[in-house]
Every structure is written in C-alpha cells, then in structure tokens.
Protein chains: 2
Amino acid sequence: MQEGQIADVLKALAHPSRIKIIQVLEKGERCVKDLEKLVMIKQSNLSQHLRILKDKGILECERDGMEMCYRIKDRKILDVIKCTEKFFT
Amino acid sequence: MQEGQIADVLKALAHPSRIKIIQVLEKGERCVKDLEKLVMIKQSNLSQHLRILKDKGILECERDGMEMCYRIKDRKILDVIKCTEKFFT
DNA sequence: TTAGTTTATTAGTTTATTATAATATCCTGA
DNA sequence: TCAGGATATTATAATAAACTAATAAACTAA
C-alpha cells in the first residue's frame, strides 16, 4: 500500500472542522444548514470542507428537496479517528 | 476529546515521507543516515520531518555515538495507519 | 586540537491550504 | 415564470507547510 494514498486520506481528515463534521455525522445524516449551526463555520467554508471529504470518498450526499443531506459513506473512517483518540490515552 | 488535538496528530502523519518514516521504523529503530537512504529525501528535509514526528510524541530518539537513533515512541500510532489502510479495502 | 562524519537549524523560496466575500446554481412553491 | 431559500463555486488574500542550500552543532578518531 502506497504511503501517498494513506497520506492523502489523513490529509483530508487533518482539520478541526472536518473532524467535527465527521463526529456530527457519526450520529446520523444532516443537511448543510444543520451542519452550519453545529460546526459553526460560514456556509461557503463548510461547503469547501464537505467537498474535500466527499472527494476522498469519506462522505456522500443526496438531495432532499431544497436541502442537501450529507452522511458518512464508509464508516471505516470512524476507526481512524477512534485510533487517533486512543493515541492520547 | 477535542477535534483540534485529533486534527493535530493527523496533520503530523499526513505526509508521504512521514508515513514512510513510520513504516520503516515499525520494523525497528534506525539512524538518520539509514533513513535517508530508505526514505530517499535530503538530509535536512528528513531532519525536519523527524522533528515534526518527535514533537507530537510519535517518535523518540537517542544518541548512539555519532549517530542519532530514531524509533517509534508509542506504537498506538501504527493503528491509525493500519485503519487508514483498511479504509481502501 | 584538528579533520571528518552525522545530524540539526536557519533563511529564503515555492507551493498548498484556509477563510472570506461575492456570485452562481439548484430547487420549491406561489 | 418568478422569488426566495439552500448549497456550490469562484476569486482572492492571508497563512502555513514544504523544500533547498548553507551553515552550525555534536561527536569521534587521529
């Protein structure tokens, strides 16, 4: 397995807002409007972070009327974060 | 657990050369000279990457005569990389 | 002490990432 | 169709990260 691919996924995760997004979506899917309130960053910036996560196959989304619903595409990504948390213990 | 701390560790990992360094050290400790050959980057750059990993508590080092020996300080970090690899399967 | 080897640090340049504001697009309901 | 709300995109400015070359520091052996 190439270290470049591994680094790429880790880089997609390596931002406080993006970790927060994943932690919120771990509990269930959310539209952007909700995420905006929960993550507390501006809409355009949130949209950029969501795109980074979607491009890496970490999230997926689906339109629901006027809203766009985001959810975790592959829950294996949660293990990466869990392991990172354990690193501090 | 704060998302900032998690992001910090992930950011320290999120570089191909640093992943490579960890993969090499997984098998045993190595001096910088050896790492230079194995990771194939310039000495000064390698030294900078090593510092980033050491500062985050991922690596530790010990002088051995003229050489500086690096090793993985906390092997829990290996699980983070393993989980990331599994993400692709 | 001096020369040689290994590693670390620094300064400068280039490149990448992030955040913001402005604008565009997509969809719904009137 | 048009207005308005939700989301995405773009351009740009600020900041951070990465790489290189040069130099310094730590150590050894002669």
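For the numbers below, each heavy atom of this structure counts, side chains included, while hydrogens, waters and symmetry mates do not.
Atom pair Leu53(A):CG and dT17(C):P shows a separation of 14 Å (rounding to whole Å applied). Regarding Glu29(B), its CD atom lies at a distance of 13 Å from the P atom of dT7(C), rounded to whole Å. Between the CE atom of Met40(A) and the C1' atom of dT18(C) there is a distance of 18 Å, given to the nearest Å. For the pair Glu62(A) CD and dT7(D) P, the computed distance is 14 Å after rounding to whole Å. Computed from coordinates, the Lys37(B) NZ to dT5(C) P distance equals 13 Å when rounded to whole Å. The distance between atom NZ of Lys33(B) and atom P of dG4(C), rounded to the nearest whole Å, is 16 Å. Going from atom CD of Glu67(A) over to atom P of dG5(D) covers 14 Å, rounded to whole Å. In this structure, Leu10(B) places its CG atom 15 Å from P of dT17(C), rounding to the nearest Å.
The shortest distance between the side-chain N/O atoms of Arg51(B) and the OP1/OP2 oxygens of dT9(C) is below 4.0 Å. Distances shown here put every side-chain N or O of Tyr70(A) at or beyond 4.0 Å from the OP1 or OP2 atom of dA6(D).
For Lys86(B), there are no salt bridge (Lys or Arg N to Asp or Glu O under 4.0 Å) partners two or more places apart in sequence or in a different chain. Applying the side chain to side chain donor-acceptor pair (under 3.5 Å) test to Gln23(A) and every residue at least two apart in sequence or in another chain returns nothing. Residues satisfying the salt bridge (Lys or Arg N to Asp or Glu O under 4.0 Å) test with Glu60(B), not counting sequence neighbours, are Arg71(B).
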- For each nucleotide in nucleotides 18-27 of chain D, reading 5' to 3', give B when a protein heavy atom comes within less than 4.0 Å of its base, S when such contact involves only the sugar-phosphate, and - otherwise. SBBBB---SB

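Rounding to the nearest 0.5 Å gives a distance of 12.5 Å between CD1 of Ile77(B) and CG of Leu25(B). A distance of 8.0 Å separates CG in Leu59(B) from OH in Tyr70(B), rounded to the nearest 0.5 Å. If you take CZ on Arg75(A) and CG on Leu78(A), they are separated by 5.0 Å, rounding to the nearest 0.5 Å.
The residues Lys82(B) and Glu85(B) are annotated as not salt-bridged, no charged nitrogen and carboxylate oxygen being separated by less than 4.0 angstrom.
For residues 40-56 of chain A, the pairs satisfying salt bridge (charged side-chain N to carboxylate O under 4.0 Å, His left out) are Asp8(A)-Lys56(A), with sequence neighbours left out.
Helical stems in DNA chain D, defined as runs of 3 or more consecutive Watson-Crick or G-U wobble pairs with donor-acceptor distances under 3.5 Å: C:1-30 with D:1-30.
Residues Ile6(B) and Ile52(A) do not share a hydrophobic cluster, clusters being chains of Ile/Leu/Val/Met/Phe/Trp/Tyr side chains in contact below 4.5 Å.
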